[in-house]
Every structure is written in structure tokens, then in C-alpha cells.
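Throughout, a chain's letter reflects where its sequence line sits, starting with A, and its residues are numbered from 1.
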Amino acid sequence: MLALADCNSFYASCERVFDPRLRDRPVVVLSNNDGCVVTRSSEAKALGIAVGVPFFQIRDLAKRHGIVVRSSNYTLYGDLSARVMAVLGRFTPYLEVYSIDEAFMDLGGMPADRLVDYGRTIRRTVLRWTGIPVSIGIGPTKTLAKVANHLAKNAPALPGQSPATPGRRLAAEGVWSLADSREQTAVLSRLDVQDIWGIGSRLAARLKRAGITTALQLREASPSHVRRLVGVVGQRTALELGGLPCIGMEEAPPPAKSIVRSRSFGRPVERREELEEAVATHATRAAEKLRLHRRVAGMLSVFVATSRFREKPYANLATVPLDPPTDDTSRLIHAALAALRPIFREGFKYQKAGVMLTGLEPREGLTESLFVQYGRDRSERLMAVLDGVNRHLGPDTLRYAAAGFARPWHMRREHASPHYTTRWDELPNVRAS
DNA sequence: TCTGGGGTCCTAGGACCC
DNA sequence: TCTGGGGTCCTAGGACCC
């Protein structure tokens with residue numbers, strides 16, 4: 001049996017941990033640049049606010065209903081996520097951290113009648129120790145655990161309804177088990193294919209055109225039909241719905257295959273120099289992440305784009321090889337500026353730029369070049385000093401001038417909460433009265 | 001005025017190898 | 001008249017996830 005633990009409205013819940021005034025109030029958290037709603041509390045959901053909606057479209061609504069608005073604070077969310085995962089890890093020998101707010105847990109051969117109780121204990125402990133509410137779905141495969149989690153989250157407490165199944169009775173407490181195969185069938189017959197993990201809008205539309213509208217119909221369809229319709233990925237999903245595990249647990253995250261760093265600008269950028277600064281900044285951040293993973297990159301791409309909501313659109317991407325592969329910030333900045341040159345065009349209002357590193361390989365065991373003298377030892381020592389200084393004295397204490405200083409294009413973050421748990425001068429104050 | 005960021009996997013076709 | 005078989009690697013596009 002597997003459990004999927006998923007934090008409820010994770011970013012909004014993080015904001016509430018250190019600001020209790022936000023409890024029971026509608027809260028929305030915005031994407032970078034304060035662009036779109038990425039998370040909303042159940043109270044905000046009840047007001048009809050959808051995830052993904054541009055903030056400017058709901059600004060008036062937010063004001064009218066006293067909705068609390070926050071810019072995203074990924075430093076805080078990342079830190080609280082690590083705490084939640086640490087607590088979950090105490091309840092299972094195998095924890096797979098699937099995303100910032102979700103983890104799969106191996107429950108081994110635990111008897112079916114103990115699963116829900118165990119889930120409630122996990123839930124209670126995480127809430128007590130971290131302040132974050134989680135929902136727990138239990139099933140024999142990842143896909144069924146996802147379905148169960150969906151029920152644990154979405155099934156409201158149904159007052160007056162007789163507790164036909166143990167699952168329904170406990171839904172209000174945030175735990176749902178789909179260990180029982182009869183209940184699986186009943187639940188899948190009511191589940192829209194669109195709501196299955198792994199079936200997005202395109203595949204759902206394709207399935208519905210073929211007359212498959214419920215999860216049960218997908219589970220029961222002939223394997224060759226499913227294979228033709230939605231490929232091997234969809235077929236795995238169908239088998240998982242039938243209780244056959246096709247997606248294994250991954251205990252250690254596989255090494256990264258690519259690293260992307262990009263941002264929308266706080267205001268349109270037109271000048272070449274500003275775009276160069278932004279691209280150099282992204283190259284710097286990507287290089288830091290690369291070294292954190294102890295990898296080197298074999299290729300670097302730069303992309304730029306104007307807003308897709310304005311006329312006169314332009315977007316382009318250029319890739320340059322890095323020979324030999326490297327993790328050196330100055331070489332990556334050079335490569336990024338070289339890649340930008342052919343794709344920069346005068347007369348456009350750029351809205352976004354980014355750097356992508358691919359062809360990643362482990363830093364150890366890198367084949368030395370026969371022909372190029374590039375001072376690897378020197379570069380390694382320099383990067384070690386750079387990272388060491390910035391770790392101890394703060395990000396960007398040492399930096400390349402190419403990345404700029406004023407950074408007028410920087411993203412907007414007008415509703416940011418403090419770094420409660422990662423900066424000494426922003427620790428929360430507690431007063432007894 | 002204002003519309004996010006960072007990933008993975010699969011597939012088909014082309015180029016190339018022995 | 002007749003022209004093999006078995007493979008890998010790379011890329012672009014499409015799909016998905018949170």
C-alpha cells in the first residue's frame with residue numbers, strides 16, 4: 001500500500017503559519033511578478049477564484065471581500081516543505097518527495113483496517129509539528145493513491161448523509177483509503193477521466209471522443225485500444241487504475257538533466273544592455289544551481305520573448321555548445337551573451353528572458369580536453385571562493401559586473417511576507433500579553 | 001497597466017554506424 | 001530482374017506534472 005500526503009493550499013497555509021490573523025480568511029498567493037493566482041485557500045475558492053487567473057482581473061473582487069494577497073515567498077515555502085517532509089519521513093521507510101507539497105509513502109503490508117487510523121496519526125502529527133494541514137490518500141498504486149487524495153480533499157463533510165463507507169465517514173478528517181477493490185470500482189465509476197493523474201486536457205478530450213468518459217471505463221477498456229488512443233503513458237495509467245503498479249517509487253531523486261532559470265520582467269525591456277544584464281543574472285543563478293548539483297553543462301541556450309498578449313510578438317532561442325563542459329560562472333555568462341547576440345532585435349518590448357543548461361554530466365570524471373588549456377584548477381578554486389563568500393555573507397556579495405547592479409527590470413513583489421525562518425532579522429516576534 | 005516557472009517522458013523521423 | 005538487417009543518437013514537438 002502507498003499513501004500520498006499532499007499539503008492543503010500549501011503556499012496559503014505557509015503564510016498562515018506565521019500570521020494567525022489569516023486563519024479563516026480568504027488568502028491568495030500570486031506567481032512571480034504578482035502575475036497570476038497560483039494558490040488559494042478554500043475560502044478564496046468559495047468566492048469563485050480559480051487557480052491561474054491573472055491577478056488584475058480579480059483585484060476589485062479581492063478588495064471587496066477583504067481577500068489577503070501575498071506575493072510568493074519560495075524561500076519560506078521551501079523551508080516549511082523540508083520540515084513537512086522530515087515529519088512524513090518518520091512514518092515510512094521509503095519516502096518519495098514528489099513535489100514541494102507532496103510525497104508518496106510506502107506503507108508496506110499494513111493491514112487494511114489500520115490504514116485510515118495510521119493516516120490520521122500522520123496528519124495530526126504534521127499539523128501539530130509544522131502547522132501545515134495535509135490530506136492523505138491511500139491505495140495500492142500511485143494513481144489510486146492520487147484518486148484517494150482527491151477524495152480526501154474534495155469530498156466535503158456531508159451532514160446527514162449516512163456513512164455508507166468508512167472512507168466517506170472519514171473524509172472530513174482529510175484521510176481516504178481506497179484499499180478495498182469494491183470501493184475502487186464505485187469511486188472510479190463516478191470519476192471523470194479529466195480528473196485522473198496523468199490525463200490532461202488533450203488526452204481527456206481524445207478519450208471522450210472515443211466514448212471513454214469515466215475512470216472506470218478507462219480501466220475496463222481493451223489494452224490495445226487504450227494503447228492506440230493515448231500511448232504507452234496512458235496505458236500505464238489505465239493499468240494503475242486496475243491496481244497494477246506501473247510507476248515505481250523513487251527513493252533518491254535522479255540527477256537533473258536540465259536546469260532552467262527565467263523570469264518575466266517587472267516592466268517591458270527594450271534596451272540591449274538591460275537584456276544582457278538580465279541574461280547574465282540568469283546565467284549566474286543557473287551556474288550556482290549547477291555547482292550545487294555537482295554537475296557541468298555541455299550546452300547553454302538563451303531565450304527571449306515579448307508578451308504573448310500584445311501585438312508584434314517575437315520569441316527566439318539560441319543554443320551554444322560549451323566545449324569543454326563547465327560550471328564556471330564567467331564562462332556561462334560569456335556563452336549566454338554570445339547566444340543572445342544573434343537573437344536580439346531592436347524595437348521590441350521584451351517581457352521575459354531565460355537561460356537553459358542542458359547536456360549535464362557529473363563534474364567528477366569529466367574528460368580532460370587534449371587541446372584546450374582552460375585552467376580548470378583555477379576556475380574550481382575561484383568558484384569555491386565565490387560560493388563560500390556568498391553563502392556566508394549573503395547572496396550576490398561577490399558578483400560579476402555583467403549581471404548589473406540597479407536591475408530596473410527586476411520582478412514585482414509588492415505583497416511579500418518576511419523570510420520568517422531563514423533570516424535572523426526577519427524572525428517572527430512573539431509577545432505574551 | 002497588469003497574464004509564472006521549472007521540469008520529465010514519449011514519439012517519429014533523420015542521420016549515421018557496422 | 002535483382003539492392004539487408006539491426007541498431008544508436010539526436011532533435012523537435014507534444015503531452016503531462018506541480
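- In this model, the phosphate group of B:dC2 is not approached by any side-chain N or O of A:Q351 to a distance below 4.0 Å at OP1 or OP2.
- Taking 4.0 angstrom as the limit, A:K289 places a side-chain polar atom (N or O) nearer than this to OP1 or OP2 of B:dG7.
- If you check every strand for non-hydrogen atoms under 4.0 Å, A:I58 touches nothing.
- In this structure, A:K142 is positioned above the aromatic face of A:F104, its NZ or CZ under 6.0 Å from the six-membered ring centre and within 45° of the axis.
- Between A:S264 and B:dG5 there is a side-chain N or O to OP1 or OP2 distance below 4.0 Å.
- Note on A:N33: nothing from the nucleic acid sits closer than 4.0 angstrom, heavy atoms only.
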Under 3.5 Å, which donor-acceptor pairs do the side chains of residues 196-205 of chain A form with other protein atoms, sequence neighbours left out?
from	atom 1	to	atom 2	distance (Å)
A:W197	NE1	A:Y98	OH	3.4

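- Between A:S258 and B:dT8, a side-chain N or O to OP1/OP2 separation shorter than 4.0 Å is present.
- Nucleic acid contact for A:R263: sugar-phosphate only, since backbone atoms but no base atoms lie under 4.0 Å from a heavy atom of the residue.
- Contact annotation: A:R227 reaches the phosphate of B:dT11 (side-chain N/O to OP1 or OP2, under 4.0 Å).
- As judged by a 4.0 angstrom heavy-atom cut-off over every strand, A:D34 is placed among residues making no nucleic acid contact.
- The shortest distance between the side-chain N/O atoms of A:R236 and the OP1/OP2 oxygens of B:dC9 is not below 4.0 Å.
- In summary, of the residues considered (A:R16, A:R25, A:R23), a salt bridge (Lys or Arg N to Asp or Glu O under 4.0 Å) with A:E43 occurs for A:R16 alone.
- Within the 4.0 angstrom heavy-atom criterion, no nucleotide atom of any strand lies near A:I100.
- For A:F309 and B:dT3, the ring-to-base geometry satisfies the stacking test (centroid distance below 5.5 Å, interplanar angle below 30°).
- A:L30 comes within 4.0 angstrom of no nucleic acid atom, judged by non-hydrogen atoms across all strands.
- Contact annotation for A:G231: no contact, since no heavy-atom pair falls under 4.0 Å across all strands.
- Remark: A:R412 is not in phosphate contact with B:dT1, judged by side-chain N or O atoms under 4.0 Å from OP1 or OP2.
- Neither OP1 nor OP2 of B:dC2 sits under 4.0 Å from any side-chain N or O of A:R267.
- Taking every side-chain heavy atom of A:K146 into account, C:dC18 is the closest of C:dC16, C:dC18, B:dG7.
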